[in-house]
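I have placed the structure first, in the form of structure tokens, so that the comments after it can refer back to it.
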Protein chains: 2
Amino acid sequence: MGKQATEMLKGILEGILLAIISERPAYGYEITAELRERGFSDIVEGTVYAVLLRIEQRGLVDVEKVPSEKGPPRKVYTLNAQGRDSLAEFWGNWSFLAGRLEQLRTDNEGN
Amino acid sequence: MGKQATEMLKGILEGILLAIISERPAYGYEITAELRERGFSDIVEGTVYAVLLRIEQRGLVDVEKVPSEKGPPRKVYTLNAQGRDSLAEFWGNWSFLAGRLEQLRTDNEGN
DNA sequence: TACCGGTACTCCGCAACACTAGGTACTCAA
DNA sequence: TTGAGTACCTAGTGTTGCGGAGTACCGGTA
């Protein structure tokens with residue numbers, strides 16, 4: 001995808017994960033797979049786990065360890081009240097940014 | 001705007017500047033003012049100049065020094081062929097990202 | 001038994017980015 | 001001569017996602 005796209009993910013990936021977790025509790029391995037399904041095929045596993053650790057440490061999610069039939073126990077993340085606030089703030093910021101950029105692009109057509 | 005918004009700008013600010021310069025040649029001080037008009041009121045001068053320096057060093061713009069009536073000479077930036085390529089790539093990446101996020105948001109409504 | 005692939009999580013060093021918080025220098029009006 | 005407006009630059013900082021590992025548990029197969 002190129003370096004440019006990587007930079008663009010910064011600050012956005014966290015919002016994406018919060019959004020996914022808000023749909024239903026989920027664990028890292030599962031989230032990684034869903035990201036691929038959703039078209040974010042270049043996001044590597046290590047990065048996903050790093051973000052999950054971060055949002056856990058910030059208290060945006062509750063964590064529960066659940067045994068798995070195949071493999072190590074899963075860390076299942078659930079969005080809590082703080083996480084929902086943060087997600088709402090993310091969508092707000094995103095809307096703002098997307099709006100400005102859309103305007104810039106239409107002003108810019110043909111260049 | 002908060003830290004979250006700052007992180008979101010990464011990789012995007014550069015595209016914004018390229019887009020502005022693509023409309024017509026411009027210099028830093030002017031671009032800073034236009035950013036404020038366009039609603040990006042929290043982007044500080046120093047950051048703008050840093051990005052301009054970067055895109056200059058990458059050869060995305062041509063630079064011309066033009067004397068000013070009031071104050072030091074202006075560095076007027078013009079988008080060149082490479083810059084136009086980079087801008088196109090930016091819009092491509094942006095479209096992709098915005099599309100995925102929009103989908104995520106609609107899937108997510110009510111959470 | 002030994003090995004491999006799938007599941008599931010963790011860690012370290014790195015480069016890139018925008019921000020903070022300054023600074024320099026020129027012009028003109030009060 | 002002091003200040004405001006114009007115009008540009010720099011050093012240091014924290015956050016971020018990536019690359020490239022490693023650990024561990026399980027079932028099937030040769």
Side-chain angles (χ1 to χ4, degrees), chain A residues 1-18 25-36 40-58 60-61 63-77 86 90 93 97, chain B residues 1-18 25-36 40-58 60-61 63-77 86 90 93 97:
Chain A
M1 258 242 133
K3 212 184 330 172
Q4 209 184 48
T6 280
E7 283 304 322
M8 280 195 211
L9 268 186
K10 295 198 174 172
I12 293 179
L13 179 55
E14 185 176 313
I16 295 172
L17 291 204
L18 291 176
Y27 58 97
Y29 196 78
E30 189 185 12
I31 292 172
T32 304
E34 183 165 348
L35 283 175
R36 299 204 191 295
F40 300 103
S41 46
D42 296 328
I43 297 175
V44 287
E45 234 185 336
T47 300
V48 175
Y49 285 109
V51 177
L52 288 174
L53 215 57
R54 213 163 64 215
I55 65 180
E56 178 188 349
Q57 280 161 355
R58 285 199 199 138
L60 307 182
V61 286
V63 188
E64 198 191 355
K65 251 195 174 130
V66 177
S68 161
E69 302 105 25
K70 27 174 81 178
R74 302 168 173 166
K75 280 179 76 176
V76 175
Y77 295 88
S86 185
F90 167 73
N93 288 149
L97 205 58
Chain B
M1 258 241 132
K3 211 185 333 172
Q4 208 183 49
T6 280
E7 284 304 321
M8 279 195 210
L9 271 186
K10 293 200 175 171
I12 294 179
L13 180 54
E14 185 176 314
I16 294 172
L17 291 204
L18 291 176
Y27 58 97
Y29 194 78
E30 188 186 13
I31 293 171
T32 305
E34 182 164 349
L35 283 175
R36 299 204 192 295
F40 299 103
S41 46
D42 296 329
I43 298 175
V44 288
E45 234 186 336
T47 300
V48 174
Y49 285 109
V51 177
L52 288 175
L53 214 59
R54 210 163 67 214
I55 64 181
E56 178 188 348
Q57 280 162 356
R58 283 198 200 141
L60 308 182
V61 286
V63 187
E64 198 191 354
K65 247 187 179 140
V66 177
S68 161
E69 303 106 23
K70 27 173 79 179
R74 300 166 173 167
K75 279 180 76 177
V76 175
Y77 295 88
S86 185
F90 167 72
N93 287 148
L97 207 57

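Here is how names work: the chains are called A, B, and so on, in the same order as the sequence lines, proteins then strands, and each is numbered from 1.
Within the structure, a side-chain polar atom (N or O) of A/Y27 is placed less than 4.0 Å from OP1 or OP2 of C/dA8. At D/dC8, one or more side-chain N or O atoms of B/Y49 fall inside 4.0 Å of OP1 or OP2 (strictly under the cut-off). Phosphate contact (OP1/OP2 of D/dC18, side-chain N/O of A/T47, threshold under 4.0 Å): present. Checking the phosphate oxygens (OP1, OP2) of C/dC17, no side-chain nitrogen or oxygen of A/K3 falls inside 4.0 Å. Put simply, B/R54 has no side-chain N or O that comes within less than 4.0 Å of OP1 or OP2 on C/dA16. Considering only side-chain N and O atoms, A/S68 lies under 4.0 angstrom from the phosphate OP1 or OP2 of C/dA8.
For the pair B/R74 CZ and C/dT27 P, the computed distance is 13 Å after rounding to whole Å. Here D/dG17 presents its C1' atom at 12 Å from CD1 of A/I12, a figure rounded to the nearest Å. As rounded to whole Å, 11 Å separates atom C1' of C/dA15 from atom CZ of B/R58. To the nearest angstrom, P of D/dG19 lies 8 Å from CG of A/D42. The interatomic distance linking B/L53 (CG) with C/dA16 (P) rounds to 15 Å, in whole Å. The distance between atom CD1 of A/I55 and atom C1' of D/dT15, rounded to the nearest whole Å, is 16 Å. In this structure, A/F90 places its CZ atom 13 Å from P of D/dT16, rounding to the nearest Å. For the pair B/Y29 OH and C/dT24 P, the computed distance is 19 Å after rounding to whole Å.
Among the heavy atoms of the strands, none lies under 4.0 Å from A/E30. Base contact: B/E45 has a heavy atom under 4.0 Å from a base atom. Residue contacts shown for A/V44 are limited to sugar-phosphate atoms, with no base heavy atom under 4.0 Å away.
B/V48 has its side chain out of reach of B/L13: every pair of non-hydrogen atoms, C-beta onward, lies at least 4.5 Å apart. Side-chain contact between A/Y29 and A/E45 is present, with heavy atoms from C-beta onward closer than 4.5 Å. Side-chain contact check for A/L18 versus A/F90: every heavy-atom pair is 4.5 Å or farther apart.
Under the 4.0 Å criterion applied to side-chain N and carboxylate O atoms, B/K75 and B/E56 are assigned as salt-bridge partners.
If you check distances only, the side chain of A/K70 never reaches the base of D/dC26 with a donor-acceptor pair under 3.5 Å.
Counting all heavy atoms, side chain and backbone alike, A/Y77 lies closest to A/Y27 at CD1-CA, 4.4 Å.
Between A/E14 and A/G71, the residue whose closest nucleotide on DNA chain D is further toward the 5' end is A/E14.
When distances run from any side-chain atom of A/K75 to the nucleotides D/dT6, D/dC9, C/dT10, the shortest one goes to C/dT10.
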